[in-house]
Amino acid sequence: MKYTIADIARIIDAEKLQASDGIIDSILLDSRKVYEPANAVFFALKGPRRDGHQFIPELYKKGVRCFVISEPVDLSTCPEAVLLEVYDTLVALQLLAAHHRRQFDIPVIGITGSNGKTIIKEWLFQLLNEDYNIIRSPKSYNSQIGVPLSIWPMNEQHTLGIFEAGISEQGEMLRLERMIQPTIGILSNIGEAHSEGFIDADHKFREKAILFRHCHTVIGRSLDFTDRTEVLDMLGDQISILTWGDTDQDHFLLRGVTKNDQSTYISLTCAEGDVEFSITFTDDASVENAIHCCCVMLRLGIKPEQISQRMNR
């Protein structure tokens, strides 16, 4: 999907300096990584150590002609550039990503938690790529900058999205949710990692749960939802929260976990069917990650025998 410069100016509510137009199909944030400059837009992000505005002359020499800025630029250094002026370039980047995501009506899995997000995403990609054309976060692109870069390549050929969402303080998840717009949520777990920006564990849980506010299904282990009815009520009745664990209240009943020196055998029972599988890992974190993946596959209609075969790989 391509956008004109005029499209982008409208989407990010920018003042367009100098009248010119063209097709944009790539986003630049790093002056060292310029591939198709004529069709790129550079967002001059301002960080604690670097200000993207200082790289505009260098990028102009490399052929880039469209820039999103938040402060004045010396036009003598880029006389033919189209400058899109906004209040905040990061907000503009996120607005563009959110608009782009809204163009596609496909299932999107959003993953958050303290640990395991990247492993679950990569394992789901391996387990589901026979059934879907998948777009996913590259590496661990789960931040305020990483998420828009993950979403931008989404196109008409994709039939499933899998994106991570990582936060370190209050307010960040709302911005990520607006971009990812997940239909299925996964809560990997709530541990102590990245807790500095939150008052306590409940505060951290509430912030992470914002990712799920428009999901139709949320999957997680029941232990992470214990004593958090207030947050679950906040999400609303329209969301099905499906937990896995060893109690009668769990949708995915964990019947057994048996470990030997080199593998783990896992069995689950649920409304979608019974499934049994082995994985070549024995650590607790990998077992939890595999169960999350299994529950998602069951919810997506993958047959138990197919799950068993693919898990063994």
Side-chain angles (χ1 to χ4, degrees), residues 107-128 134 136-143 146-147 150 160-169 172-173 176-177 179-198 201-228 231-232 235 239-246 250-252 254 257 264 266 268 270 277 279 281-300 307 311:
V108 169
I109 299 170
I111 308 169
T112 193
S114 300
N115 300 290
K117 296 184 291 294
T118 302
I119 293 294
I120 292 171
K121 177 203 67 187
E122 291 300 320
W123 283 4
L124 282 174
F125 173 76
Q126 295 175 28
L127 292 162
L128 293 170
I134 300 172
R136 71 195 195 279
S137 307
K139 302 179 183 179
S140 296
Y141 278 30
N142 58 35
S143 67
V147 166
S150 301
L160 177 68
I162 309 175
F163 300 107
E164 302 177 44
I167 61 172
S168 57
E169 60 184 40
E172 290 184 325
M173 189 61 85
L176 298 184
E177 190 276 336
M179 291 184 282
I180 298 172
Q181 300 162 42
T183 58
I184 299 172
I186 301 174
L187 183 67
S188 62
N189 62 51
I190 298 293
E192 293 302 317
H194 312 294
S195 295
E196 297 83 3
F198 307 98
D202 285 341
H203 180 214
K204 185 177 180 180
F205 181 87
R206 287 196 302 272
E207 289 296 314
K208 288 184 178 291
I210 290 172
L211 179 65
F212 308 138
R213 64 186 190 138
H214 293 120
C215 290
H216 60 69
T217 302
V218 175
I219 291 170
R221 61 176 186 170
S222 53
L223 183 62
D224 288 317
F225 290 95
T226 302
D227 298 326
R228 296 215 162 99
V231 178
L232 303 184
L235 292 175
I239 300 175
S240 296
I241 297 175
L242 307 181
T243 61
W244 61 265
D246 58 4
D250 289 305
H251 181 85
F252 303 99
L254 185 60
V257 175
T264 302
I266 300 166
L268 288 165
C270 63
F277 61 91
I279 57 172
F281 301 89
T282 59
D283 61 288
D284 291 341
S286 293
V287 171
E288 290 180 10
N289 293 338
I291 294 171
H292 280 111
C293 291
C294 175
C295 295
V296 172
M297 294 176 75
L298 287 166
R299 191 60 176 169
L300 289 174
I307 296 174
M311 286 287 188

Tell me, do [X] and [Y] make a side-chain contact under 4.5 Å, heavy atoms counted?
X    : Y    : value
L187 : I219 : no
I186 : T112 : no
R206 : I210 : no
I291 : L268 : yes
I111 : F163 : no
H216 : I239 : no
L242 : V218 : no
L298 : C270 : yes

Those residues that, when tested against D284, pass salt bridge (charged side-chain N to carboxylate O under 4.0 Å, His left out) (two or more places apart):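 Result, salt bridge (charged side-chain N to carboxylate O under 4.0 Å, His left out) vs D284: K259.
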Just by distance, do the side chain of [X] and the backbone of [Y] share a donor-acceptor pair under 3.5 Å?
X    : Y    : result
H251 : I241 : no
S188 : N115 : yes
T183 : C215 : no
Q181 : E177 : no
K121 : K139 : yes

In sequence, state the C-alpha distance, the side-chain angles, and the governing distance for I120 and C293, and then conclude on side-chain contact (heavy atoms from CB on, under 4.5 Å). CA-CA 7 Å; I120 292 171; C293 291; 4.1 Å; yes
Residues that D250 engages under side-chain hydrogen bond (donor to acceptor under 3.5 Å, both in side chains), provided they are two or more places apart: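 Result, side-chain hydrogen bond (donor to acceptor under 3.5 Å, both in side chains) vs D250: S222, T243, T247.
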When rounded to the nearest 0.5 angstrom, what distance separates [atom1] in [X] from [atom2] in [Y]?
X    : Y    : atom1 : atom2 : answer
H214 : I180 : NE2   : CD1   : 14.0 Å
C294 : R299 : SG    : CZ    : 13.5 Å
I279 : N289 : CD1   : CG    : 8.5 Å
N142 : I167 : CG    : CD1   : 10.5 Å
L128 : L300 : CG    : CG    : 6.0 Å
F212 : T217 : CZ    : OG1   : 11.5 Å

So, for [X] and [Y], which heavy atoms are closest and what is the spacing to 0.1 Å?
X    : Y    : result
L211 : A165 : CD2-CB, 4.0 Å
S137 : E164 : OG-N, 3.1 Å
T282 : T264 : CA-OG1, 3.3 Å

Assess the side chains of [X] and [Y]: does a donor N or O sit below 3.5 Å from an acceptor N or O?
X    : Y    : value
T118 : S140 : yes
K208 : S114 : no
S286 : D283 : yes

Derivation and outcome, side-chain contact (heavy atoms from CB on, under 4.5 Å), residues H292 and F252: CA-CA 10 Å; H292 280 111; F252 303 99; over 6 Å; no
Ion pair present between R136 and E122, side-chain N to carboxylate O less than 4.0 angstrom?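 Here R136 pairs with E122 in a salt bridge, since their nearest N and O are under 4.0 Å apart.
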Set of residues satisfying ring-ring contact (aromatic ring centres under 6.0 Å, His included) with respect to F281, sequence neighbours excluded: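 For F281 the ring-ring contact (aromatic ring centres under 6.0 Å, His included) partners, ignoring immediate neighbours, are W123.
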